[in-house]
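First comes the structure, then the notes that go with it.
All ligand and atom numbering here is 1-based and tracks the order in the structure.
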Amino acid sequence: MPPRSLDAVPRAGIGHWPTPLERCDRVREALGDGCPELWVKREDCSGLALGGNKVRKLDVLLGDALRQGAGRVLTYGALQSNHARQTAAACARLGLGCELVLTRLVDRGDGLYDRNGNRLLDDLLGATVTVLDDPSEVAGAVEAARERAAAAGEVLTEIPPGGTSPLGALGYVAAVEEWTAQSRAAGVRFDHVVVASSTGGTQAGILTGLKRTGAPATQVHGVAVYADAGTTAAAVAALLPPAAAELGMAPVPAEAVHVADEWLGGGYGVPTPAMREAVALFARTEGLLLDPVYSGKAGAALVGMIRSGSFAAGAKVLFVHTGGVPALFAYGDEVLA
Ligand SMILES: *Cc1c(COP(=O)(O)O)cnc(C)c1O
């Protein structure tokens, strides 16, 4: 297959690009001697309904769906899914119907988790929401959504969980191209990238983007926030060949996939002391809001790796802030350190 330009990939045009690239000197100062130079790629500022990393994936996925005549979109997630909220917002903006099938994966049993945060925004954004207690009920809910679309005479397009597919990953190839131009202008080259990883599309896109931009030596540290390291790394690795094929390039080898799960704690969506510390640190030193489920645990990993001396003195580290801010309101004062 001949190399394909990213510009040739249809987009829905739903984000604010470029997102900012900012230096975090006050976090660095707070962490003291030996802290590497820290930068943050502000994917929380991707512009659509409080932002986040799914906007980039949806930009590509919905660009493709529109080309195929989609009238309605169906996707899946946890009850407080950021992906579901960003899909609902994208559909509103594009004039598409939106069906969200949300499963109660995190048992918090309080009103905030069930009604506030992303869940409130899904309703506000006009999505049709089906909440399930058990993943075994998903097939039935999908069938019901299919019937509603058929009754309305609309083409229903399914977007996978997390917007993760080879095509969706191209959104993060584009993100790397974007930050490469920004970091060149700022005169910095990143040695390390730290990013939260759950369905793996973001990490796979970043790895592919680094190879494409000629920076394969940059080490990407995925931080597992959903499953264990092995499961997460396998999900990332499986996406590398098909994502590269979309662009007609050679794939990144699976050995380039590194995922740590020491910051997962009790599991997906379960708060940890290190998450609370990182959320408070970024808030109080930079005015920067992380979230309890994803960027807070990735932030905890960043802090943990700095303290354990994982980065050489003088290293330049990029933290990818993937968003998730609305979930702060679903956890209430549990995010306070
Ligand atoms: C979905 C999500 C991630 C993980 O991205 P994947 O591509 O699924 O690995 C990280 N951070 C936030 C805030 C998210 O919503």
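Remark: Tyr172 pairs with no residue by the ring-ring contact (aromatic ring centres under 6.0 Å, His included) rule, at least two apart or across chains. Tyr113 is linked by a ring-ring contact (aromatic ring centres under 6.0 Å, His included) to Tyr331, counting only residues two or more places apart in sequence or in another chain.
Under the salt bridge (charged side-chain N to carboxylate O under 4.0 Å, His left out) criterion, the residue pairs touching residues 289-308 are Glu277-Arg307, with sequence neighbours excluded.
At a heavy-atom cutoff of 4.0 Å, ligand 1 is surrounded by Asn53, Lys54, Lys57, Asn82, Thr164, Ala196, Ser197, Ser198, Thr199, Gly200, Gly201, Thr202, Tyr294, Thr322, Gly323, Gly324.
Between Ala90 and Ile14, the shortest heavy-atom distance links the atoms CB-CD1, 3.8 Å.
Note that the CG atom of Leu112 and the CZ atom of Phe329 stand 11.0 Å from one another [nearest 0.5 Å].
The aromatic ring centres of His321 and Tyr294 sit 6.0 Å or more apart.
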